[in-house]
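Data block below; observations after.
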Protein chains: 4
Amino acid sequence: MAGATTLLTSQSLSLGSPTLSDIAPPRQRRKEARPQELLDAALDLFAEKGFAATRSEEVAARAGVAKGTLYLYYPSKEELLKAVIQQRLSSEIAAAAAQAASYPGPTEDLMKEVLADWWIKVFDSPTSAVFKLIITEVRNFPEIAEFYVREVVEPGKQLVGRIVQRGIERGEFRPVDVPTAVLSLILPMIMLCLHKHSIGACAPALNEVDPHAFIRQHVQLVLQGLRR
Amino acid sequence: MAGATTLLTSQSLSLGSPTLSDIAPPRQRRKEARPQELLDAALDLFAEKGFAATRSEEVAARAGVAKGTLYLYYPSKEELLKAVIQQRLSSEIAAAAAQAASYPGPTEDLMKEVLADWWIKVFDSPTSAVFKLIITEVRNFPEIAEFYVREVVEPGKQLVGRIVQRGIERGEFRPVDVPTAVLSLILPMIMLCLHKHSIGACAPALNEVDPHAFIRQHVQLVLQGLRR
Amino acid sequence: MAGATTLLTSQSLSLGSPTLSDIAPPRQRRKEARPQELLDAALDLFAEKGFAATRSEEVAARAGVAKGTLYLYYPSKEELLKAVIQQRLSSEIAAAAAQAASYPGPTEDLMKEVLADWWIKVFDSPTSAVFKLIITEVRNFPEIAEFYVREVVEPGKQLVGRIVQRGIERGEFRPVDVPTAVLSLILPMIMLCLHKHSIGACAPALNEVDPHAFIRQHVQLVLQGLRR
Amino acid sequence: MAGATTLLTSQSLSLGSPTLSDIAPPRQRRKEARPQELLDAALDLFAEKGFAATRSEEVAARAGVAKGTLYLYYPSKEELLKAVIQQRLSSEIAAAAAQAASYPGPTEDLMKEVLADWWIKVFDSPTSAVFKLIITEVRNFPEIAEFYVREVVEPGKQLVGRIVQRGIERGEFRPVDVPTAVLSLILPMIMLCLHKHSIGACAPALNEVDPHAFIRQHVQLVLQGLRR
DNA sequence: AATGAATGAGGCTTCATTCAT
DNA sequence: TATGAATGAAGCCTCATTCAT
């Protein structure tokens, strides 16, 4: 779960299938890019078809390499899954941690800013797919749950919770139950990520609602409920 | 039950999930119950491990029959999946449709009542698992999306949307964007269903928040935001 | 290593490839004969080509079943190997143990009889192949060594050693080193088993010497050397 | 060395195990030694794990070179096997042939000397492993059998056989069957070589008997049986 | 209707071999 | 010459499905 991922540094936000169009020799093309290409391909496919239904050869093919090459970088499909999740979330961690610290203005604005930042960073990037992956695979790989809760859920709840708390303390918000408010704000964001990679990907029916617009309005609506 | 099943393409109903409504001699009780037992076992396992990772023998075993017996009722694992989803959702449909029609009181109360009714009916029942199943499997079986959107999503959005609309028209709610408000209300409910069958099943960390309490407060909070 | 072998009782001495010529339905032919048929096929092939070079499908094919059927009886190729060795040697054990006890005549005759009995039982039967299997595979599966030494080597050395001892005590043999004499008697027998399943099977060059005649004369020769 | 290599069919010598006899500048010492290092590593590993179970990368690693380098010296793993066997046995051949010719003393002493010389040369050297290799691999590579029988077995039997014959003719030995006596003398020696590289390498149980002491006593015992 | 032994296509993984550097 | 990344054929094993009982 750890080893192979230390190689990966730059985290491309490309939407998957790595470009093979560059003029480069087919072999030895760029060894140091391989792991990230494989992780991207794997995230795409695992999120699309599910871990079990994705053949490792498909992952390799989408990354532009042969079946065997995958195993030069990850010792098994399962380790690949863990690496995919870990690598994507590792970048999440600590990202938003600091920013809320010394905000001077109204809490509503702070909240909007923090959530919007996170949303921008996540929804349009492949990271949005990780949430689907986690929802679908945790019960088969409980180690993932532990990691996810510790590294993403808890820090996230803390962050948003502290902002709500600030609002209450400054008299901007009513004295609501903090955890509840946090979930009210965040759950729809996660849900939209899941939607994007499931029903949203086959039935454009619901796409009449623009996700970014919705989240903005949703946050607005909940903040309205918190006000005074 | 038969009438509502025209959706899942031609093959899906080839076997016709057997009706339990016939008056049958008590000694055949067990045989009559088989299909439902198989569907229940399948829903459980599919939601837990995913469709691809669930062996059909496991389903049979959990239903208390032998491997071959499963195939007497459903011609393939895939048909079983479709039957599972369809059968669960068929009962959802039309249920809540009528109740909103002639409610006299304040819209807030109507909304709370409708959502609470639905929530009670869904969250603690196996039906909550269907949402996970849909999220995880639609992209592999697009017929499911079609069925789900038409029979569940659209009616649901309509129902809640009409209530929001009523609130606006009666001057109880601010003139918000209706689809947005609907999603703000509903997405956390779906999300909690998903959570229950994924992270909630392995990491009790988040279970500190009671789902029923949360939903009550969430609805309250959003309604607060809609008010005036 | 244990489980599956308890089913097997009668130990056929057929030279491998089980007769499929009996009129019997292809499926469900004789479930209880399967394990022995698979063990026989496996012993044959493992001794011929080596464990690693034998494909499990070959074993199945020689036993007259399909690839997958093998795995209904043995959970892996490695377990099959262990079962093969264990089952063959289990019959060895305790066989010769008792017979030497109360022999009245000259020690030379006793020795000839005991060795001839064992030789007859082993050399012309598939059991002779087990020795090759052990020689070739112990270093890859050290558990086998333990079992073999404990169950076959030690009892065998004890048995022959006691007879040599008896000869010495009765003044029939010279006071030689007992373990040495034992090995002088036995090693050529093992070696002939190995030969039979290696060079003897491809280059009939050495087959000018009849194994049975040789062993008789070899024992005679060594006993001659022990005399007085 | 080149002269004796006509045996292993056409392909076997395609690369021609490089001669070390050329006078070469010292800085190429390492390069010159490569083939022998590879052969030694291969013999070790093939004898330990079997040909099929040994990865060619392991051989390269043990010889201290990279995977690809192996293929600069031997065109395939199979050719490497043949080269290993051939090179080891080529040195065996003709060695002992001459020494028996003009021995003046008693035949027993001649025999002891010839066998002891051979034993010393073989048992403690890597050559002892070749016997295991031959036993385990002949049936997969029948060319080996041909070569081995012609170049090792037959000359060896001739040599020892002539000595036995000499003993009979000089009235020192009883008129026994010569081939039988030869095998009685030699088979335990081969068996001890096999043992050293199989059970002897994992279960030190049997190592209580010193091989050198045993062989001395074994020869003594058989000669005793031949006497008069 | 129910069983479970049998099948064999298909997926994961290994490793001999190649080849660009 | 030497390397080791890459390949893909081939082997182990699983499991959806069949079918004789």
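A, B, ... follow the sequence lines: proteins, then strands. Residue 1 opens every chain.
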5'-most contact on DNA chain E: Ser56(D) or Gly68(B), nearest heavy atom basis? Gly68(B)
Nearest heavy-atom pair of Pro75(A) and Glu79(A): which atoms, and what distance? CG-CG, 3.7 Å
Sort by first number and list every stem of DNA chain E: at least 3 consecutive Watson-Crick or G-U wobble pairs, both distances under 3.5 Å. E:2-21 with F:2-21
Send over the distance from Lys49(B) NZ to dT14(F) C1', rounded to a whole Å. 13 Å
For Phe141(C), enumerate each residue passing the ring pair (Phe, Tyr, Trp, His ring centres under 6.0 Å) test, keeping only those at least two apart in sequence or located in another chain. Phe51(C)
Starting at the 5' end of DNA chain F and moving along, which residue's nearest nucleotide shows up first, Leu70(A) or Lys77(B)? Leu70(A)
Please confirm whether the shortest side-chain N or O distance from Arg34(B) to OP1 or OP2 of dA1(E) is below 4.0 Å. no
Is Thr69(B) touching bases, backbone alone, or none of the nucleic acid, heavy atoms closer than 4.0 Å? base
Distance, rounded to the nearest Å, where Leu81(B) contributes CG and dA16(F) contributes C1': 15 Å
Whole-Å distance separating the OH atom of Tyr73(A) from the P atom of dA5(F): 7 Å
Separation of dA2(F) atom P from Leu38(D) atom CG, nearest Å, is 10 Å
Between dT3(E), dG8(F), dG8(E), which one does the side chain of Ala66(C) approach most closely? dG8(E)
From CG of Leu72(D) over to P of dT21(E), roughly how many Å is that when rounded to an integer? 17 Å
Between P of dA5(E) and OH of Tyr74(C), the distance in whole Å: 15 Å
Glu78(B) and Lys82(B) ion-paired at < 4.0 Å: yes
Side chain of Tyr71(D) only, heavy atoms from C-beta on: which candidate in dT18(F), dA6(F), dA16(E) is closest? dA16(E)
Would you kindly give the CD-to-C1' distance between Glu57(C) and dA6(E), to the nearest whole Å? 14 Å
Record whether the side chain of Lys67(C) comes under 3.5 Å of the base of dG10(E) through a donor-acceptor pair of N or O atoms. yes
Tightest non-hydrogen contact, residues Arg62(A) and Glu48(A), listed as NH2-OE1, 3.9 Å
Could you walk me through whether Val65(A) and Leu38(A) satisfy the side chain to side chain contact (heavy atoms under 4.5 Å, CB included) test, starting with their C-alpha distance in whole Å, then the side-chain angles of each, then the deciding distance to 0.1 Å, before giving a yes or no? CA-CA 9 Å; Val65(A) 297; Leu38(A) 287 164; 4.1 Å; yes
Considering only NZ, NE, NH1 and NH2 on the basic side and carboxylate oxygens on the acidic side, decide whether Asp40(A) and Arg88(A) come within less than 4.0 Å. yes
Roughly how many Å is it from CG in Leu45(B) to P in dC15(F), rounded to a whole number? 13 Å
NZ (Lys77(D)) and CG (Leu80(D)) are apart, to the nearest 0.5 Å, by 9.0 Å
Closest-nucleotide 5' rank along DNA chain E - winner of Arg55(D) and Ala52(A): Ala52(A)
